[in-house]
Amino acid sequence: MDACEKKALVEKWYHQYANYLFHAARLLGPANQAEELVQETFRIVLEKDDLDEVTYPKTWLRKILYNVVRNQLRLQSNSESSLTGEAEALHEREASYTDQLDVELEYGGTIPENDLRLLRLAFVERYTYAEIASEFGISEKACQKRAERARKRLKRFLEKEKFS
């Protein structure tokens with residue numbers, strides 16, 4: 001892979017996954033440094049060889065981000081004991097969001113936040129439309145219609161991402 005192809009591939013990954021990595025960085029590390037953590041992740045990616053051999057770029061990028069966050073916490077810590085506690089907390093946070101579907105992390109920024117929340121309540125947490133409508137302060141029928149529209153928007157986004 002030549003330098004131009006490598007740059008094009010990294011740019012493609014940036015456009016596809018930067019938002020996802022930003023949300024992950026906010027969950028894993030200092031929220032006010034999320035943007036810098038994502039930039040550092042892509043800086044490291046640009047230094048790597050054989051990018052065309054990466055089968056699952058989203059997972060690979062998340063692992064790099066995880067290591068960047070861990071290194072950042074290590075640099076910021078003043079004592080060995082606080083580093084151990086922060087590293088353990090980071091590991092627990094990483095495990096908790098990878099073990100269960102985190103809709104906001106996975107699809108944040110793809111559709112409006114309220115619609116994403118509605119879909120999470122309906123299809124992940126299995127609330128009834130009546131319960132969701134009550135929480136949103138809308139009618140049950142409006143809730144169903146909103147969920148249907150949000151599902152269609154998310155589906156269109158995922159189909160577009162699949163073919164890009």
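Keep in mind the model is a prediction, meaning the values are calculated, not measured.
The two residues Leu65 and Ala25 have their closest heavy-atom pair at CD2-N, 3.7 Å.
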Residues 30-45 side chain polar contacts: donor-acceptor under 3.5 Å, at least two apart:
| unit_1 | atom_1 | unit_2 | atom_2 | d |
| --- | --- | --- | --- | --- |
| Gln33 | OE1 | Gln72 | NE2 | 3.4 |
| Gln33 | OE1 | Gln76 | NE2 | 3.1 |
| Glu40 | OE1 | Arg43 | NE | 3.0 |
| Glu40 | OE2 | Arg43 | NE | 3.3 |
| Glu40 | OE2 | Arg43 | NH2 | 2.6 |
| Thr41 | OG1 | Leu37 | O | 2.8 |
| Arg43 | NH1 | Glu47 | OE2 | 2.5 |

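The backbone N or O of Leu46 sits less than 3.5 Å from a side-chain atom of Lys6, completing a donor-acceptor pair. Looking at Asp50, its side chain never comes within 3.5 Å of a backbone N or O of Glu53 through a donor-acceptor pair.
In this structure, the side chains of Arg146 and Phe136 come closer than 4.5 Å at one or more pairs of heavy atoms. Trp13 is listed as a side-chain neighbour of Val54, based on a closest heavy-atom distance under 4.5 Å.
Scored by the side chain to side chain contact (heavy atoms under 4.5 Å, CB included) test, Lys145 finds Glu148, Arg149 as partners (sequence neighbours excluded). Applying the side chain to side chain donor-acceptor pair (under 3.5 Å) rule to Asn114 yields no partners; only residues at least two apart in sequence or on another chain are considered. Residues meeting the side chain to side chain contact (heavy atoms under 4.5 Å, CB included) test with Ser134, sequence neighbours left out: none. Partners of Tyr127 according to the ring pair (Phe, Tyr, Trp, His ring centres under 6.0 Å) rule, which considers only residues two or more places apart in sequence or in another chain, do not exist here. Checked against side chain to side chain contact (heavy atoms under 4.5 Å, CB included), Ala130 has the following partners two or more places apart in sequence or in another chain: Thr128, Glu140.
In this structure, Leu116 is not a member of the same hydrophobic cluster as Ile132, with clusters built from ILVMFWY side-chain heavy atoms closer than 4.5 Å.
The structure places CZ of Arg120 at 10.0 Å from CD of Glu113, a figure rounded to the nearest 0.5 Å. Distance check: Leu51 CG to Asp49 CG gives 7.5 Å after rounding to the nearest 0.5 Å. Expressed to the nearest 0.5 Å, how far CD1 of Ile138 lies from CD of Gln144 amounts to 10.0 Å. Here Asn19 contributes atom CG and His23 contributes atom NE2; the two are 4.0 Å apart, rounded to the nearest 0.5 Å. A distance of 9.0 Å separates CG of Leu119 from CZ of Arg153, quoted to the nearest 0.5 Å.
For Tyr17 and Arg62, the side-chain atoms include no donor-acceptor pair closer than 3.5 Å.
Heavy-atom contacts from other residues, nucleotides or ligands closer than 6.0 Å to OH of Tyr14 number 12 or fewer.
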